[in-house]
Protein chains: 2
Amino acid sequence: MRKEKRQKLERQGWKIGNAADFLELTPEESAFVELKVALSKFLKERRKQSTITQIELAKLLKSSQSRIAKMEAGDPSVSIDLLIRSLLAMGATNKDLAQTISTSKLV
Amino acid sequence: MRKEKRQKLERQGWKIGNAADFLELTPEESAFVELKVALSKFLKERRKQSTITQIELAKLLKSSQSRIAKMEAGDPSVSIDLLIRSLLAMGATNKDLAQTISTSKLV
DNA sequence: GTACATTATGTCACATGTGATATATTCTAT
DNA sequence: ATAGAATATATCACATGTGACATAATGTAC
């Protein structure tokens, strides 16, 4: 039930990352969401720096434009596995990932 | 096909982490596997330090003994999401995760 | 403002991950 | 060697993730 709630709120413009108070997220769940958001942002940054479109990136990753959009939005339907595999395929190093993760909020 | 191949080899005692040469793994795939293995080992270490059994940890994580075993073995059937959620539930911090990831092989 | 590119959102068939259960294997004492 | 605890492996019904497609919303020039 909580996931649907989050999805609904996000749909209406609420951004996760500051929503732990509204939704009943445990600290672990919060940390997990923050971590996903951090990876999402990193993915978006990297793509923008390459000045390629979502469509081009989708082709590179053998995925689809819509899924790239969802990845960058931190959509609940995307796994950390996919985010990490994508980032690695884009040339990110484990150190890049580690830094992204360590700088995500809530320690 | 490659996944089945890896599963078969692992079943026969081959340890991934040095198998990139045998299997046709791209550098990204290798990095991904290494990362998973690193998280697996970290999970096992943490549990052993708490001197609890897989059964007890399974109860804590609302999972099952068999899945804990597979997590600790880096089984292909376990996602990074699950590993990370489990570690967070065990009290690991994002920094712990970051360090684990940055020290996984293949940069 | 309108044509066009880019990004976002909804939906769905199919793929992959998950807890549970059963059973096999390994470990640790005695 | 034997028993019992701990861990590993196999399998499966059900849950979640994924690429693809359609379509909506937003941006960017003219």
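Just so it is clear, the structure is predicted and the values come from calculations on it, not from any experiment. In what follows, chains carry the letters A, B, and so on, assigned in the order in which the sequence lines appear, proteins first and then strands, with residues in each chain numbered from 1.
Taking atom CG of Leu82(B) as the reference point, atom P of dT18(C) lies 5 Å away to the nearest angstrom. Protein atom CG of Asp75(B) is 9 Å distant from nucleotide atom P of dA10(D), rounded to whole Å. Counting to the nearest Å, the P atom of dT9(C) and the CD atom of Gln54(A) are 11 Å from each other. Going from atom CD1 of Ile55(A) over to atom C1' of dT26(D) covers 14 Å, rounded to whole Å. With rounding to whole Å, Asp81(A) atom CG is found 14 Å from dA15(C) atom C1'. In this structure, Glu72(B) atom CD and dT7(D) atom P are separated by 7 Å, rounded to whole Å. Spacing between atom CD of Glu56(B) and atom C1' of dA5(D) amounts to 12 Å, rounded to whole angstrom units. Per the geometry, CD1 belonging to Ile80(B) stands 11 Å off P belonging to dG17(C), to the nearest Å.
Remark: the backbone N or O of Thr26(A) is paired with a side-chain donor or acceptor of Glu29(A) at under 3.5 angstrom. At distances below 3.5 Å, at least one donor-acceptor pair connects side-chain atoms of Ser50(B) with backbone N or O atoms of Arg46(B). Side-chain N or O atoms of Lys41(A) include none that pairs as donor or acceptor with a backbone N or O of Ala73(A) at under 3.5 Å. Side chain of Asp81(B) to backbone of Asp81(A): a donor-acceptor contact under 3.5 angstrom is found. Panel note: side chain Arg47(B), backbone Ile52(B); a donor-acceptor pair is recorded below 3.5 Å. In this structure, Ser102(B) contributes its side chain and Gln99(B) its backbone to a donor-acceptor pair below 3.5 Å.
OP1 or OP2 of dG19(C) sits under 4.0 Å from a side-chain N or O of Ser63(B). OP1 or OP2 of dT18(D) lies within a sub-4.0 Å distance of a side-chain N or O belonging to Ser79(A).
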Test Asp75(B) against Arg67(B) for salt bridge (Lys or Arg N to Asp or Glu O under 4.0 Å), laying out the working first. CA-CA 9 Å; Asp75(B) 189 282; Arg67(B) 189 136 299 273; over 6 Å; no
Test log, rule side chain to side chain contact (heavy atoms under 4.5 Å, CB included), inputs Leu83(B) and Phe42(B): CA-CA 10 Å; Leu83(B) 284 167; Phe42(B) 186 42; over 6 Å; no
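The stretch residues 83-90 of chain B touches DNA chain C through Arg85(B), each having a heavy atom under 4.0 angstrom from the strand. Near-neighbour residues of DNA chain D inside residues 38-51 of chain A, defined by a heavy atom below 4.0 Å, are absent.
In this structure, of dA8(D), dT18(D), dT9(D), it is dT18(D) that holds the atom nearest to the side chain of Ser77(A). Here dT18(C) is the nucleotide among dA8(C), dT7(D), dT18(C) with the atom lying nearest to any side-chain atom of Arg67(B).
Residue Ser40(A) comes nearest to Gly74(A) through the heavy atom pair OG-CA, 3.3 Å, listed as atom of the first residue, atom of the second, then distance. Across all non-hydrogen atoms, the minimal contact from Ala38(A) to Thr100(A) is O-CG2, 3.5 Å.
Heavy atoms of Ile68(A) sit nowhere under 4.0 angstrom from any nucleic acid atom.
Annotation: of the two residues near DNA chain D, Gln65(A) and Lys70(B), the 5′-most nearest-nucleotide partner is Lys70(B).
Between the side chain of Ser66(B) and the base of dT21(C) there is at least one donor-acceptor pair of N/O atoms closer than 3.5 Å.
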